[in-house]
Amino acid sequence: MKSSTIFTRAAAGALALGLSTAAFADTWRFAHEEFEGDVQDVFAYAFKEHIEANSDHTLEVYRFGELGESDDIMEQAQSGILEFVNQSPGFSGAWLPAAQIFFVPYLLPTDEETVLNFFDESVAINEMFPDLYAEHGLELLKMYPEGEMVVTANEPVTSPAEFNNKKIRVMTNPLLSETYNAFGATPTPLPWGEVYGGLQTGIIDGQENPIFWIESGGLYEVSPNLIFTGHGWFTTAAMANQDFFNSLSADEQQLIRDAADAAYAHTMEHIQGLAEESLQKILDSSDEVTVTRLTEEQIDAFRARAPQVEEAYLEMTGEDGAMLLEQFKADLEAVQAN
Ligand code: 6CS
């Protein structure tokens with residue numbers, strides 16, 4: 001039975017008994033895209049802890065695969081089967097083109113402190129994105145970075161020319177394909193479940209992801225050349241089904257917002273130093289791994305291709321995207337000026 005149905009029945013019963021609906025303890029469900037101990041899991045469990053410590057509600061967390069791929073859990077959240085979902089903009093691009101802003105390369109700097117301040121303070125993130133998600137029946141709770149994107153490939157790559165003919169797996173959003181086309185590669189959009197096998201069998205030659213995920217998913221075993229290109233951050237978004245959220249009392253809505261704040265603060269602590277730790281684990285487990293950190297000059301050759309991706313972003317997103325991009329850049333300048 002859908003929990004929203006359970007809620008409605010419970011609420012009707014409560015009203016019949018003259019009780020406040022807020023007094024009812026519901027079980028809510030939260031699905032995310034990652035495995036035990038990964039960044040989205042850390043967020044989900046901190047969210048659960050706050051909800052359960054401060055109310056009689058219970059939160060059930062579902063990890064990658066338990067309810068399907070990223071697209072499946074989003075469908076379940078939009079239809080109200082799930083109350084909460086965590087989906088990366090990497091998979092939302094087809095229905096929320098503006099969210100692809102995170103795939104305009106070299107827009108965000110590599111400096112972690114600047115990026116964390118940006119997510120804390122950005123008007124684009126904290127005030128504009130909620131309206132965009134709301135158009136799709138979703139109450140945005142938090143957008144947050146998980147780690148810097150690192151490319152892994154079947155051999156080290158230091159220039160767009162060396163990407164030639166390499167099939168690089170990207171998440172299923174059109175702008176990421178533009179990025180890898182601009183970088184000289186052949187983009188191959190695939191859901192997460194097909195990545196390890198694709199690398200193992202040579203159907204794809206590489207992929208991009210944050211280091212913690214390259215370690216936890218064992219990607220380095222089948223794609224051992226790590227390339228730090230400095231072109232972006234993996235970002236994600238935690239949200240609630242909006243009908244569900246709107247059906248709650250003001251106190252319960254506040255409980256959820258406070259839980260999201262607590263989970264965000266905890267998760268942002270968690271990611272600091274995570275990439276370095278994960279890289280060390282990779283290096284300790286494999287003699288095959290190579291690490292290439294592009295020089296400024298090598299990065300310039302990739303950065304020179306960024307304007308065409310920004311152009312494509314504007315073409316895909318129209319006025320929404322133009323306004324978001326302008327605000328995003330202004331927010332970045334503001335944090336960089338501090
Ligand atoms: O590459 C992916 O598809 C996955 N990467 C991360 C860091 N989280 C979830 C996502 O599905």
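Indexing begins at 1, ligand by ligand and atom by atom, following the structure's order.
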- Residue set satisfying side chain to side chain contact (heavy atoms under 4.5 Å, CB included) with E66, at least two apart, ordered chain then number -> Y62, R63
Extract all N/O-N/O pairs under 3.5 Å that connect ligand 1 to the protein, and present each with both atom names and the distance rounded to 0.1 Å.
residue, atom, partner, partner atom, Å
ligand 1, 1 (O), R169, NH1, 2.7
ligand 1, 1 (O), N209, OD1, 3.3
ligand 1, 1 (O), N209, ND2, 2.9
ligand 1, 3 (O), R169, NH1, 3.4
ligand 1, 3 (O), R169, NH2, 2.9
ligand 1, 5 (N), N209, OD1, 2.9
ligand 1, 5 (N), W213, NE1, 3.4
ligand 1, 8 (N), E34, OE2, 2.7

- Task: State, yes or no, whether a side-chain contact exists between Q40 and Y144 at a heavy-atom distance under 4.5 Å.
- Result: yes
- T152 meets the side chain to side chain contact (heavy atoms under 4.5 Å, CB included) criterion, sequence neighbours left out, with Q207, I214, S223, L226
- Would you please name every residue forming a side chain to side chain donor-acceptor pair (under 3.5 Å) with N246, sequence neighbours left out? none
- Task: Might you point out which heavy atoms bring V123 and D331 nearest each other, and give the distance in Å?
- Result: N-OD2, 2.8 Å
- According to the interplanar angle, ranging from 0 to 90°, do the rings of H231 and Y180 count as parallel (below 30°), tilted (30 to 60°) or perpendicular (above 60°)? perpendicular
